[in-house]
Amino acid sequence: MKTDFSINVQVNLGVTPEIVALVNAILCHRPTLAPTAEEALDGNGRVDNKPEDTTPAQPQQPTNKRGRKKKEEAAADKPEPTKEQQEAAANEADANGEQVAEQEDAKEEEAAPKDEGQAEAQAEQKPLTAEDVRAAMHATRQRIEGEDYKENTNGDLYKKYHKPLTAQFKNIAALLGAEKPSALPPDKIADFIEQCNGLQIMKDGTIGSNCPF
């Protein structure tokens, strides 16, 4: 008895993660582990459970090109000052400078009398000494005998008025209560200086004074 078998086997192989892992293992000569069903599922039909980003997108800041362009255009359109305008501006600056200088000069002039008054007040408050007496007599001799009376002792003015002036100085000191000018008390020195300044050559050629003693 003759029996004929006809078997048709149709195998459809698809590329699965298992086959890919098996091929890689063969090529690399290392054992491979078959992926689990969960891994296979993740590989074929993985569902991304990552939550969607619901943050609204930030609007882009507009550039300020238009504003800068307008400024540049405005600067370009601005007319340059004329020669008359430049001269007027220069004259105004000069006038302002002169006004400031005048104000400073006025302040200095106002301060000057105050300083002079303070100097005079300090001079009045300063006590007079014998040095001031000698200075007053020296100034009187220079005025009457000559600026060089000390060097020109042979001059006519020296011979004629040196001794009379010495007598006048002693008389003034005596009237003020002192034996000689250098012995005057401080409160009498100012009177002595004033009377020395009043000594002069009288019409008759003698030394005298119009100030009453």
Q: Check whether any side-chain heavy atom of Gln195 sits under 4.5 Å from a side-chain heavy atom of Leu176, and report yes or no.
A: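 Yes, close enough: below the 4.5 Å cut-off.
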Q: State, with a plain yes or no, whether a side-chain heavy atom of Met202 is found less than 4.5 Å away from one of Gln200.
A: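 Of all side-chain heavy-atom pairs linking Gln200 with Met202, at least one is under 4.5 Å.
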State the [atom1]-[atom2] distance between [X] and [Y], to the nearest 0.5 angstrom.
| X | Y | atom1 | atom2 | answer |
| --- | --- | --- | --- | --- |
| Phe169 | Ile207 | CZ | CD1 | 9.0 Å |
| Ile172 | Lys188 | CD1 | NZ | 14.0 Å |
| Asp191 | Leu175 | CG | CG | 11.0 Å |
| Tyr161 | Ile144 | OH | CD1 | 8.5 Å |

Q. For Asp204, what residues pass the side chain to side chain donor-acceptor pair (under 3.5 Å) criterion, not counting sequence neighbours?
A. Thr206
Which pairs would a plain distance check flag for residues 128-137, meaning a side-chain donor or acceptor within less than 3.5 Å of a matching protein atom at least two apart in sequence or in another chain?
unit_1, atom_1, unit_2, atom_2, d
Thr129, OG1, Glu131, N, 3.4
Glu131, OE1, Arg134, NH2, 2.9
Asp132, OD2, Thr129, N, 2.9

Got a list of side-chain donor-acceptor pairs under 3.5 Å for residues 146-160, not counting sequence neighbours?
unit_1, atom_1, unit_2, atom_2, d
Tyr149, OH, His138, ND1, 2.7
Asn152, OD1, Gly155, N, 3.3

So, for [X] and [Y], which heavy atoms are closest and what is the spacing to 0.1 Å?
| X | Y | value |
| --- | --- | --- |
| Cys196 | Thr140 | O-OG1, 3.4 Å |
| Gly198 | Ser209 | O-OG, 3.4 Å |
| Asn197 | Arg143 | O-NH2, 3.5 Å |

